[in-house]
There are 2 protein chains.
Amino acid sequence: MARAGLTADRLTQAAADLADEVGFENVTVSALARRFGVKDASLYSHIRNAQDLRVRLAVLALAELADRVAEAIAGRSGKDALVAFASAYRRYAHEHPGRYSAMQMALDPDTAADSAAGKHAEMTRALLRGYDLWEPDQTDAVRLLHSTFHGFVSLERSGAFHSHPRGVEASWLRALDALDSLLRAWPA
Amino acid sequence: MARAGLTADRLTQAAADLADEVGFENVTVSALARRFGVKDASLYSHIRNAQDLRVRLAVLALAELADRVAEAIAGRSGKDALVAFASAYRRYAHEHPGRYSAMQMALDPDTAADSAAGKHAEMTRALLRGYDLWEPDQTDAVRLLHSTFHGFVSLERSGAFHSHPRGVEASWLRALDALDSLLRAWPA
DNA sequence: TAGGCTTACCTAGAGGTCCTAGGCAAATCA
DNA sequence: TGATTTGCCTAGGACCTCTAGGTAAGCCTA
């Protein structure tokens, strides 16, 4: 009876890959067990249940994205940083659709606090240092930026923009221009 | 053997109510059958499968929201229309969380074309008549507005804004102010 | 109003996912 | 080397999805 060497971390990683391949909604305990050549029941020594697995996946994705964004904005400021942040965000969503979907899960407050979710807001704040914004405008701007990035990527992936010939890439660049000029002249 | 009077439309309506009560992901054929006091198998004369049910629900929600928005912006223009549109959108999401989740499903192009999805873009265009925008800026602006509304509501519902004391309502109003001034001075 | 047709709902059953309880063997440690 | 821990197993229950085939309710026509 050879052992597969399962751990919660290896399962979460594999679940993330599975999510990117077959979609987050198709990440099941059974499918994951199949991938390791192991019975379903064997996974329950490592994860509490299916929901726990999905939460771990969401936390993994949040951390990965935070790393990417941190690297992207390092040493940049102003519009440069804005574009780098936004591009890293969007690229991650495109390269890892399953992980990105996982990130949208509503996490309970404790889990969210332990996750990299806070780091996202913190980095957006760092980004805003290139603009002249102070509380509470800063928080409002963080929320607006995050909303726009997430909204755009989410609608793009759901096909909402396919009905019109205008290139999505062009609209994306224009949105970034618009956000930049908005931040530079934040209405009082 | 009394009949329950099932039709695809009545099932879809009930599924929408069920979604708002227990969450879109918990809308199952079994739960719906239970609600009508009928066996699971009986639903399959009216809907093709579970996915078909969810798509019908999404189409219903899109149509309902389109109606609400149309009513909200009727007779308004400029910022007035912008705020009315956005508020109707956000209120619908809050009052009907299950229906709103359903709307986010990726619809295949044919279904999307038959649905009210096009009406949404059309109404956003109508809204922009109060501002001085022409193609392709208009399409870019439609996409930006939709992204921001959807992103904000979606993040708000997933709890992403709860980590900070700043009131969500205040940030929302500021976002609308920002979008208004952005549209008035759309960068060339 | 009786016959036939259509259709709404049924039972039976196969296959999949989630999860618990309890068992045995592999790895680790004394 | 023997004892303990840990990893994966089998067995099995509960629920969801969906198909095939049957029966009875309601409608149409004569």
Side-chain angles (χ1 to χ4, degrees), chain A residues 1-60 98-99 101-102 104-108 111, chain B residues 1-60 98-99 101-102 104-108 111:
Chain A
M1 200 191 287
R3 297 188 176 196
L6 305 182
T7 65
D9 281 351
R10 288 195 59 201
L11 286 174
T12 308
Q13 275 288 343
D17 294 340
L18 184 60
D20 287 338
E21 290 165 29
V22 304
F24 180 59
E25 70 281 6
N26 297 315
V27 172
T28 64
V29 174
S30 316
L32 195 55
R34 233 170 351 244
R35 173 158 297 212
F36 280 98
V38 143
K39 300 293 170 180
D40 302 10
S42 305
L43 302 200
Y44 290 91
S45 321
H46 305 279
I47 55 166
R48 275 210 311 283
N49 50 42
Q51 180 66 5
D52 177 45
L53 176 66
R54 294 190 192 106
V55 169
R56 285 170 188 271
L57 171 44
V59 170
L60 170 75
R99 284 166 159 93
S101 295
Q104 311 315 322
M105 280 189 55
L107 299 180
D108 73 275
T111 311
Chain B
M1 201 192 288
R3 299 192 174 193
L6 304 184
T7 64
D9 281 351
R10 287 196 61 201
L11 287 174
T12 307
Q13 275 288 343
D17 294 341
L18 185 60
D20 286 338
E21 289 165 30
V22 302
F24 180 58
E25 70 281 6
N26 296 316
V27 172
T28 65
V29 175
S30 314
L32 195 56
R34 225 173 287 133
R35 175 158 294 213
F36 280 97
V38 144
K39 299 293 170 182
D40 303 9
S42 306
L43 303 199
Y44 289 90
S45 321
H46 305 279
I47 56 166
R48 275 210 310 283
N49 51 40
Q51 180 64 7
D52 177 45
L53 177 66
R54 295 189 192 106
V55 169
R56 285 171 188 270
L57 171 45
V59 169
L60 170 74
R99 284 166 159 93
S101 295
Q104 310 314 323
M105 280 190 55
L107 299 180
D108 74 275
T111 312

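Here is how names work: the chains are called A, B, and so on, in the same order as the sequence lines, proteins then strands, and each is numbered from 1.
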Report yes if at least one side-chain N or O of His46(A) is closer than 4.0 Å to OP1 or OP2 of dC8(D); otherwise report no. yes
Hey, are the side chains of [X] and [Y] touching, using non-hydrogen atoms and a 4.5 Å cut-off?
X: Arg48(B); Y: Arg56(B); answer: no
X: Gln13(B); Y: Asp9(B); answer: no
X: Leu32(A); Y: Val27(A); answer: no
X: Gln104(A); Y: Phe24(A); answer: no

Which whole-number value in Å describes the distance from [X] [atom1] to [N] [atom2]?
X: Asn26(B); N: dC18(C); atom1: CG; atom2: P; value: 14 Å
X: Gln51(A); N: dT17(C); atom1: CD; atom2: P; value: 18 Å
X: Leu6(B); N: dA25(D); atom1: CG; atom2: P; value: 16 Å
X: Leu43(B); N: dC9(C); atom1: CG; atom2: P; value: 9 Å
X: Ile47(A); N: dT6(D); atom1: CD1; atom2: C1'; value: 17 Å
X: Leu32(A); N: dC19(C); atom1: CG; atom2: C1'; value: 15 Å
X: Arg10(B); N: dA8(C); atom1: CZ; atom2: P; value: 12 Å

Output yes when a side-chain donor or acceptor of Asp40(B) lies under 3.5 Å from a complementary backbone atom of Val29(B), and no otherwise.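 Side chain of Asp40(B) to backbone of Val29(B): no pair is present.
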Summarise protein proximity over nucleotides 10-17 of chain D in one line of letters, 5' to 3': B for base, S for sugar-phosphate only, - for none, counting protein heavy atoms closer than 4.0 Å. B-----SB
Heavy atoms only: give me the nearest Ala102(B)-Ala58(B) pair and the separation to one decimal. O-CB, 3.3 Å
